[in-house]
Structure formats: C-alpha cells, structure tokens
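So that the names make sense, note that chain A is the first sequence line, chain B the second, and so on, each numbered from 1. These numbers were taken from a predicted model, which means no experiment stands behind them.
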Amino acid sequence: MLNRYDPAQNERTRLRGAALEIVGLTKRYGSVTAVERVDLSVAQGEFVTFLGPSGSGKTTTLMMVAGLQQPTSGQMFLNGTPLEPLPAHKRNIGVVFQQYALFPHMTVAQNVRFPLEMRRVPKHEADRRIDEVLRLVDLATHHRRLPTQLSGGQQQRVALARAVVFEPSLLLMDEPLGALDRKLREQMQTEIARLHKELDMTVLYVTHDQSEALTLSHRIAVFNHGRIEQIGTPAELYERPKTRFVASFLGDSCFLPGRVTRVSCEVAEIETAYGLLRGRNSGALDPGAAALLAVRPERITLSRHASGKADNNLAGTLQQIVYLGQSRKLVVRLGDGTVVSALAPITEGEGGFDPGDCVELAWSSRGCNVLTNDGEANDAE
Amino acid sequence: MILGEVWQSLVWGAVARRIICGLTICYLVGPLIIVVILSFSAAQFLTFPPPAFSFHLYHNLLDDPRWGDSFVTSVTIMIPTALAATLAATAAAYGSMRLPPRVATFVSGLILAPIVVPAIITAAAVYGLFERLQLNGTLAGLILAHTVITLPYVFITVSASLKVLDPRLEAAARTLGAPLHTAFRRVVLPLIMPAVLSGVLFAMVVSFDELVVSLFISTPEVRPLTVQMWSDILGDVDPTIAAISTLLLGGALFAICGQHAVRRLLRARNRIDGVAQPL
C-alpha cells in the first residue's frame with residue numbers, strides 16, 4: 001500500500017481543490033528513518049505549518065517537496081501532477097530558506113530577477129514584476145543594495161520577494177524567521193500573514209516555534225520522530241490534543257497519570273493517586289488502560305476552600321508564585337509531590353495567596369483531555 | 001607595585017617578541033638580499049661583498065640565448081598547466097562534494113598524492129611511464145606532468161572555498177528554476193572565483209618552480225628555466241645565476257602583489273562574504 005496511490009482518493013482531493021497531495025512519503029538514510037509515511041493534503045490557498053522539534057522530519061519533508069531531496073518511497077502531487085519525475089528547477093515551487101540564502105554577489109533586484117531570467121521573462125515585464133514585488137515587501141527603494149547592506153528583516157523580505165516573484169504554485173518556508181530577534185519575528189509574522197492573504201498562495205511553513213504556528217496557520221501538522229503526530233486547526237490542536245507529545249509541545253500542560261475506569265464517547269474517567277478525574281475522551285481509550293489527564297495551567301482555578309463544584313478537585317500546598325506580567329504562575333505541590341501549575345490573571349484588589357497556603361485546584365472536565373499513556377517521555381522540552 | 005611589575009614584564013615580552021620576529025625575518029629574507037646584491041656585482045665569480053657595482057651579469061643574461069629560450073619554455077609549460085590544472089581541480093573539488101564521504105576521501109587522497117609522495121619517486125615514476133609513451137623531452141609531456149603536480153594545490157584552495165560556501169545558495173538557485181549547470185555558473189562559480197584565481201596563480205608558481213620531475217623528463221632541446229639553472233650551477237659556478245634569481249624574485253613579488261590587488265578589487269566590488277579567503 002505504501003507505494004500505491006489510490007486514484008479514487010486523488011479524485012476526491014481534486015474535487016476538494018487540494019493543491020498539494022502527499023501520500024506515504026518516506027525518507028530513510030541507511031537504517032535511520034527521517035520521515036515515515038507522511039500523508040497530507042493541502043487545499044489551494046491554505047497555510048499549513050509543520051511544527052516539531054529539530055530532527056522530527058519536518059524540514060526533510062519540505063525538501064522532498066521542493067525536489068532537493070529524493071524520497072525513499074511515497075508520492076507527491078502538485079495540482080494533480082506527480083512531482084517525483086520533475087527536477088527541482090522544473091517544479092515551480094518557491095522556497096524561502098533558513099537564513100535566506102540570498103546570492104551575496106547580486107543586488108536585491110538581481111536576486112529577485114534571477115527566477116524571471118531562468119524563465120526567460122522579457123526584460124520590461126521582469127522590471128515591472130520586480131518593482132511590484134519589491135513594493136509589496138516594502139523595499140521599493142532598495143533595488144541596488146547588496147544583501148550584506150540590509151538588515152536581517154530586510155534580507156528576509158528580499159528572500160520572500162524572490163520566492164514569490166515567479167508566481168509559484170506553492171510556497172515553502174523553512175524556519176524563515178529563525179534568525180531574527182523576537183520583536184522583528186512578530187512583525188514579520190504579521191507581514192507574512194498579509195502577503196499570504198494578498199497573494200492568495202498555498203504555503204507550507206516549517207517552524208519549531210509554537211506561537212508562530214498558532215498565529216499564522218490554517219492548519220498545523222505536529223511532527224515527531226518523522227511522523228505527523230496530529231494535524232488540525234490551531235484551536236483543535238490546542239484544545240483537543242490526541243497525544244502527550246502534542247499536548248506538551250503546543251502550549252503547556254500538566255499530566256496526571258491514572259487508569260481508565262469509565263469511558264463514554266465524550267467523557268472519560270480515570271482513577272488517579274488523587275482520586276477520580278474526568279476529562280474529554282481523546283478516542284482510543286479502553287477501560288483499564290493506562291491514561292493521562294492533560295490539563296492546561298490556565299484552565300485551573302485556585303481557591304482556599306474546597307467547593308466541590310467543579311468536575312475535578314485536587315488539594316495541595318501552594319509552593320511558589322511566579323509573576324509573569326500578564327499573569328501569575330501558581331505552583332502547587334500535591335500530596336505525592338507531583339507539581340501542578342495554574343495560571344491566574346492578575347486582577348486588582350485581589351487578596352491573593354501566599355506560599356505555604358493549603359489550596360484547592362479545580363477545573364472542568366470540558367477543559368481537559370484524557371490521553372492514552374504510551375509511556376513516551378516528554379521530549380518536547 | 002604589582003601593577004608596575006606586570007607592566008614591566010609586558011614591556012619585556014613585547015621587546016622579546018620583536019627581537020625574535022626580527023631574527024626570523026633576517027634568517028628568511030637575508031639570503032635573498034645577498035643574492036640581489038650579488039646580481040649587481042662586477043666580479044667574475046660569486047664573491048661577497050662584491051668588489052664593485054655593475055650590470056654585467058644582466059648583460060650576460062641577455063647575451064646568452066639559453067636563458068631566454070629556457071624562460072620561454074617555462075612559460076609555455078606554465079600557462080597551459082595552470083589552465084588545465086585549475087579546470088580539472090575545480091571540477092574535481094565541486095564533484096567530490098557530491099560523493100559519499102568515504103569515496104570523497106579516497107578521491108581527494110588520489111588527487112593530493114603528488115604532494116604526499118616524495119618528488120623523486122613521482123619523478124622516477126613519470127619518467128618510466130613517459131619512456132613508454134615517448135613523452136620524455138616533449139612539451140606535452142612536461143605540461144602533463146606539471147598538471148598532475150599542480151592539481152593538488154588548486155584542489156585544496158577550491159575545496160576550502162566550496163566547503164564554507166552555504167549549500168543553500170545552490171539549492172536556492174535550483175528552486176528558482178536554474179538547472180544544475182546554470183546554478184553552478186551563475187551562483188557557485190562567481191562566489192568561489194577568488195579561490196579559483198588563487199588556484200591559477202598557485203599552479204603557475206608551482207609549475208614555474210618545479211625542478212625534480214622536469215630534471216628527469218626534459219632534454220637539452222626542451223629545457224625549463226629551473227633545469228637550466230640547475231645544470232648551470234653544476235657546471236661552472238656562473239654568477240649569472242644571481243641575476244636570474246633576482247629577476248625571478250621580482251616576478252614572484254609582482255605576482256603576490258598582483259594577487260592581493262585582484263582580491264581587494266573583487267572584494268570591494270562584490271563584498272563577498274561567506275566565502276573562504278584561502279592563502
């Protein structure tokens with residue numbers, strides 16, 4: 001099945017308007033598997049982000065789509081055309097590389113002209129397009145500068161201009177903001193979002209920065225060990241992670257281990273060292289199986305007295321209060337020494353807590369997820 | 001007080017360093033200066049200090065056609081050698097980057113062999129081979145042998161430059177629509193050009209200076225300058241050798257300065273960064 005492509009599925013995708021279809025894409029280096037059976041379908045105009053730690057296969061997947069690396073097996077289709085027989089220079093895919101890869105011996109305009117020259121676009125037409133795209137990225141007056149004379153953000157924009165000037169069918173971006181400082185990175189995120197909208201392009205974007213992924217993407221594919229662990233909209237991934245890895249890589253989560261006692265299609269109940277806890281069923285849970293309750297720190301509320309109102313209540317001792325500016329992190333130690341953090345907004349005139357207080361943690365079963373405990377350690381952080 | 005002592009030792013350190021540097025320079029450059037002085041000597045033999053100033057050694061040089069002929073021979077060998085070696089070594093350096101690491105190590109080992117194997121062994125081997133191919137004493141033979149000998153120098157220079165060249169630049173060119181050969185010509189080659197030019201110069205110097213192999217495979221009819229100098233000094237110690245040495249020294253100085261000038265020019269024009277500056 002690995003090398004087989006199902007024509008019926010191709011037809012379905014075409015009807016859905018998929019620009020890029022990846023089927024069973026695999027890359028092995030000797031005995032090491034870098035990418036394992038990645039399936040993905042990207043709609044026309046969609047912005048899909050590959051998120052994952054370094055070495056999780058996201059860049060390798062991107063490079064295979066670009067034609068710079070050869071897949072071991074699997075297939076790729078761009079607007080219905082198989083990509084594998086095409087060499088990189090015939091795929092018409094724009095790529096923005098990590099650290100930009102601008103040609104240092106060419107000016108900004110020469111860099112942007114390069115893909116047009118390769119396509120033998122007539123000079124006046126090329127001039128017009130270069131002007132237009134440089135205006136689009138706000139570098140209209142920088143034609144004759146050399147890349148080394150530009151700031152990091154400007155180089156980034158030239159790289160972007162060069163990758164879109166020939167109107168590629170697909171734009172790939174490999175950690176394009178990795179080399180910029182935080183402030184500039186946020187600015188460029190907005191810029192990229194604007195360009196994506198204006199150019200109406202299909203984008204595959206690689207990053208290990210979760211906030212970047214959440215800000216920019218229509219959908220995020222979380223990569224781990226060469227596989228797509230979960231794919232969905234940012235809200236889906238954040239609210240309904242299916243694995244421990246996704247729950248911890250995207251945002252923070254506290255994990256409480258236990259055994260499944262009861263499962264319905266919506267809710268799962270697990271028996272833990274701290275009593276019965278309830279959360280949303282992430283699927284594939286069987287009674288008696290080892291499970292984890294994953295809860296986001298901002299979903300936990302703290303109170304002095306046991307109220308018993310919420311679905312999940314835990315008693316503990318407040319260990320530490322960390323001031324974070326927008327909020328406070330309240331670190332609570334449970335009876336067995338497990339540490340759980342809650343995030344509370346800072347409000348005026350609040351009496352607050354002191355370290356050493358006995359507190360109650362409470363959260364709704366709708367705000368947390370019960371995941372299968374596959375025993376995999378959290379290697380995200 | 002302690003500060004004073006530290007200061008003192010620093011001063012002495014600086015003084016000592018200068019003395020050592022000075023002595024080293026004398027040791028390295030001294031003989032060259034003596035040769036230059038000797039070349040303007042009026043004496044019929046090599047004596048130092050020279051009894052009087054004269055240009056007669058330079059007159060000798062011009063009068064004796066053997067010097068001019070062998071110089072022309074050397075240049076006739078040097079230029080095709082440098083071109084062939086640079087072309088082959090650049091191609092080899094670029095190609096071996098794409099080989100699996102183990103194969104690449106083997107290939108570069110082969111290419112570098114001429115500087116690892118003692119010159120005399122190379123010379124004997126080339127002589128033996130050329131005897132069969134009837135290349136001994138021919139210009140083609142000398143050019144061929146010199147190309148093999150100069151190959152490693154260009155290979156090392158160009159490889160070093162390619163190694164620090166960001167491989168993403170070539171990848172970027174390809175994704176922008178450039179076939180492999182265009183990506184090389186438009187992106188890789190311009191960026192490694194300083195190293196390639198250094199390679200040409202290096203090959204020229206090595207070829208011009210080569211003695212051992214040339215000694216084996218040249219004949220009185222086809223005789224490079226180094227071999228001519230060698231046989232001259234073996235026969236009677238003709239002081240003309242000082243004059244030719246001085247001219248060669250001048251030539252070498254000119255080449256080094258020229259190379260520096262070309263480099264500065266290129267760098268000012270292109271502000272090449274991310275490219276090695278070997279040599």
Side-chain angles (χ1 to χ4, degrees), chain A residues 29-30 59 62-63 65-69 86-107 110-121 145-150 155 158-159 161-176 179, chain B residues 90 94-95 97-105 158 160-199 262-278:
Chain A
Y29 299 100
T59 295
L62 205 70
M63 291 302 135
V65 176
L68 296 171
Q69 287 194 25
L86 295 176
H89 66 275
K90 288 193 178 148
R91 293 194 178 187
N92 203 38
I93 293 176
V95 184
V96 177
F97 288 84
Q98 224 168 343
Q99 264 136 26
Y100 330 129
L102 294 177
F103 306 135
H105 58 302
M106 298 185 195
T107 63
Q110 285 169 340
N111 263 282
V112 179
R113 187 184 295 278
F114 190 84
L116 301 177
E117 258 175 78
M118 293 301 124
R119 285 165 178 76
R120 298 198 161 74
V121 175
R145 299 278 188 88
L146 286 168
T148 43
Q149 296 169 317
L150 302 177
Q155 290 184 39
V158 177
R162 188 179 67 176
V164 300
V165 72
F166 57 98
E167 290 163 6
S169 340
L170 178 67
L171 180 62
L172 309 179
M173 300 172 95
D174 183 16
E175 308 225 6
Chain B
T90 304
Y94 181 65
M97 280 204 322
R98 290 159 189 283
L99 293 172
R102 275 190 201 170
V103 185
T105 312
V158 177
S161 175
L162 279 171
K163 242 168 228 149
V164 294
L165 185 74
D166 186 349
R168 278 174 294 210
L169 292 175
E170 195 187 319
R174 286 172 61 203
T175 63
L176 293 171
L180 212 52
H181 58 92
T182 311
F184 178 77
R185 188 169 48 81
R186 293 288 308 274
V187 175
V188 177
L189 192 58
L191 292 172
I192 62 168
M193 204 34 126
V196 173
L197 291 181
S198 296
V262 167
R263 233 153 218 277
R264 286 178 80 139
L265 211 73
L266 278 177
R267 211 172 308 162
R269 215 184 57 202
N270 294 336
R271 282 175 196 264
I272 291 163
D273 56 350
V275 175
Q277 324 258 299

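No cation-pi contact links B:Arg168 to A:Phe97, judged by a cut-off of 6.0 Å to the six-membered ring centre and 45° from its axis.
The candidate with the highest count of non-hydrogen atom pairs below 4.5 Å against chain A, out of B:Ala171, B:Ala172, B:Gly177, is B:Gly177. Your options are A:Arg91, A:Lys90, A:Met63, A:Gln98, and the one with the most heavy-atom pairs under 4.5 Å with chain B is A:Gln98.
With a 4.5 Å cut-off on non-hydrogen atoms, B:Ala183 does not touch chain A at all. Residue contact with chain B, scored on non-hydrogen atoms closer than 4.5 Å, is absent for A:Leu172. When heavy atoms are compared at a cutoff of 4.5 Å, B:Thr175 approaches chain A by way of both its backbone and its side chain.
Taking every heavy atom of both residues into account, A:Pro168 and A:Gly94 meet most closely at CB-N, 3.3 Å. Between A:Val95 and A:Ala163, the shortest heavy-atom distance links the atoms O-CB, 3.8 Å.
Without hydrogens or angle criteria, A:His89 side chain to B:Ala173 main chain gives no donor-acceptor distance under 3.5 Å.
A salt bridge links B:Glu170 to B:Arg98: one of the charged nitrogens lies within less than 4.0 Å of a carboxylate oxygen.
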